[in-house]
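Since the structure comes first, as structure tokens, the remarks are kept for the end.
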Amino acid sequence: MSTSNDPRRDLIALFDEMGSILELLGANGFKVNANRKVARVLEDLTGDITAYRDDPKGLQAMDGIGKSSAEKICEFLRTGRMEEYEQLVAEVPDGLLDVLEIPGLGPKTVRAIWEHAGVESIPDLERAIAEGGLDDVPRMGKKTIQNIADSIEFMKKSTDRTPLGTAMPLAEGLVDQLGAHSGVSRIAWAGSLRRGRDTIGDLDILACCEDAASLIELFQSIDGVEKVLLAGDTKCSIRLDRGIQIDLRVVPEAAFGAALMYFTGSKEHNVVLRERAIKAGMRLNEYGLFPDDGDDEPPQARGIAPVASETEESIYAALELPCIPPELREERNTLETVPELITVEDIKAELHAHTTASDGHLSIEELVAVAKARGFHTIAVTDHSRSSVQANGLDEDRLRAHIDAVREVNEHTKGITVLAGSEVDILSDGRLDYDDDLLAALDIVVASPHVALSQDPKKATARLLAAIAHPLVHIIGHPTGRIINRRPGLSPDMDALIAAAVEHDTALEINANPQRLDLRDVHVRAAVEAGCRIAIDTDAHAESHFDFLRYGVITARRGRCTPADCVNSLSAKALHAWLKSKRS
DNA sequence: GCCGTTTTCGGCCCGACTGTTTTCAGTCG
């Protein structure tokens, strides 16, 4: 394990790795899961992990972290090392964990090829396949070996998880295409896409069709299919040449709700629901919620009528729960209360957009026309500041002329307010890119980090705190600067930023560009809980970018954001009053 | 390893599919 300047990310990697090693060593599966769960809990942590250095009790207060893990975390925070991890790592070859990542290879198989064929890495495995070294491994036939070889090839060229902004249009196209097939009565996407995660592992499509076989046949023949991974009577998995796996399940119409629920997940949410069903004397599976008669054979196979199955709503109701929106079906959420989440229709203002003055493709007039057509009451023109040279950022003189041009357009425009603003760089030390007198001349200031995006968490926190506390700043744009699958961005103490944002009445942005989605879901949730204002902006550089709004909104929903939490859903009057409150 | 309104021990979700097997183990979601 290599250590970074971010102990939280180190610990996530460490617990994940310990889970995998334990799995390979044949440890109790629940222990394996417990380690992985600690990693997930740390993934969702928004505060400063180093504050827990001498506070194992504080860690134990988090659901999923017990005494043992808390002590290990503290040990690592104090010493930079973890004895148990080091012992575990010594027990398996380094490269074996890579072998475990190969699709289709689980812990039992990896262990078998390690013990029987001496495979300790992916290159070892390739050599063993080529030389027939796997032939003596138990349960290892020709087909299995060929599948492993294919999986290795796939892994070599496979990319990262698919960004939401790629997966959503792909799913829409597929649902349209398959939905047009005769006999298809219902079709929907499920999985992490439906939950709105920022990246998607694979795509899950669910359908009802009179003739399942014909739909599965059609599915295997769609454009771009590289390999059919499996094809049964009701289930089929394909892989596209773009490296995305798509699973299709065909289910009876009467069970559509149960199946949709099941395949939407999350896995952890399903487990919670099933446990709840058991406590209520029932059992839940993808065919429905059934009375539990103690028989081991699945109830649907015995003709038992479900308590609920046709709709998700009916199943949640039978479990005495509110209908949980897909975006909230994650482990971190409690189930009893569901807020009225924000929708795309609630958004009435775009507060972060660019024109040809910097690196946008629209003129001021064109930008305003697009915003007006979307039904917005306000559009802010926020071109880049002088330090963003790569984005043709405006120096003081150009900005002053630009402000005049925006005001001019505003005077001649009916039905929408056009604000003169700027997306001002937050320099690496927290200073802003323009002097205060110029900032004060702007209607709206979005302050964003663009450079020095790998500085350590302490510096990043101080930098962003300075911008949040600046009396002329309204919104912090893409606060961490991450780009999905490309750079992790800053890792500030987000709880501290949120507290300061509440104190100074500064909004934190969810940048809706699907490459960013920054703030991310867990940050939004912490902000909303603290009563912080949230902005949802598309950062539009072109007309089509206004369509990014749905990705920002879905991220907001994952953070339990309601219309009342979001500055873009305020009335024009309320929004303008807030903006002016920083110009007194 | 974690957890608790039948608690500090004894549980911890459930089914489809494949490939190897003659009844099931392993993987996946």
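Sequence lines set the chain letters: A, B, ... in the order given, protein chains first and strands last, and positions in each chain run from 1. The structure displayed is predicted, hence computed values, not measured ones.
- Near DNA chain B, defined here as any heavy-atom distance below 4.0 Å, there are no residues from residues 120-129 of chain A.
- For A:Asn147 and B:dG19, the shortest distance from a side-chain N or O to OP1 or OP2 is below 4.0 Å.
- The only member of A:Lys108, A:Lys31, A:Arg111, A:Arg36 that meets salt bridge (charged side-chain N to carboxylate O under 4.0 Å, His left out) when paired with A:Glu23 is A:Arg36.
- Taking the side chain as every heavy atom from C-beta outward, A:Lys279 and A:Arg276 never approach each other to under 4.5 Å.
- Comparing B:dT21 with B:dA25, their C1' atoms are spaced 9 Å from each other, to the whole Å.
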Solution key, residues 188-198 of chain A side-chain donor-acceptor pairs under 3.5 Å, sequence neighbours excluded:
unit_1: A:Arg194; atom_1: NH1; unit_2: A:Thr264; atom_2: OG1; d: 2.7
unit_1: A:Arg194; atom_1: NH1; unit_2: A:Glu312; atom_2: OE2; d: 2.9
unit_1: A:Arg194; atom_1: NH2; unit_2: A:Glu312; atom_2: OE1; d: 2.9
unit_1: A:Arg195; atom_1: NE; unit_2: A:Glu330; atom_2: OE2; d: 2.7
unit_1: A:Arg195; atom_1: NH1; unit_2: A:Thr264; atom_2: O; d: 2.7
unit_1: A:Asp198; atom_1: OD2; unit_2: A:Arg482; atom_2: NH1; d: 3.2
unit_1: A:Asp198; atom_1: OD2; unit_2: A:Arg482; atom_2: NH2; d: 2.9

Going 5' to 3' along nucleotides 20-29 of chain B, which nucleotides have protein heavy atoms under 4.0 Å from the base (write B), which only from the sugar-phosphate (write S), and which from neither (write -)? S----BSSSB

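- At whole-Å resolution of the value, CG in A:Leu248 and C1' in B:dA16 are 13 Å apart.
- At a non-hydrogen distance threshold of 4.0 Å, A:Asn28, A:Phe30, A:Lys31, A:Ala34 from residues 23-39 of chain A come into contact with DNA chain B.
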Which pairs of donor and acceptor atoms, one on a side chain in residues 93-106 of chain A, lie under 3.5 Å apart (sequence neighbours left out)?
none

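- Under the side chain to side chain contact (heavy atoms under 4.5 Å, CB included) criterion, A:Gln300 pairs with A:Asn285, A:Tyr287, A:Phe290, A:Pro298, sequence neighbours left out.
- The side chain of A:Gln300 lies closest to B:dG15, out of B:dC13, B:dG15, B:dG19.
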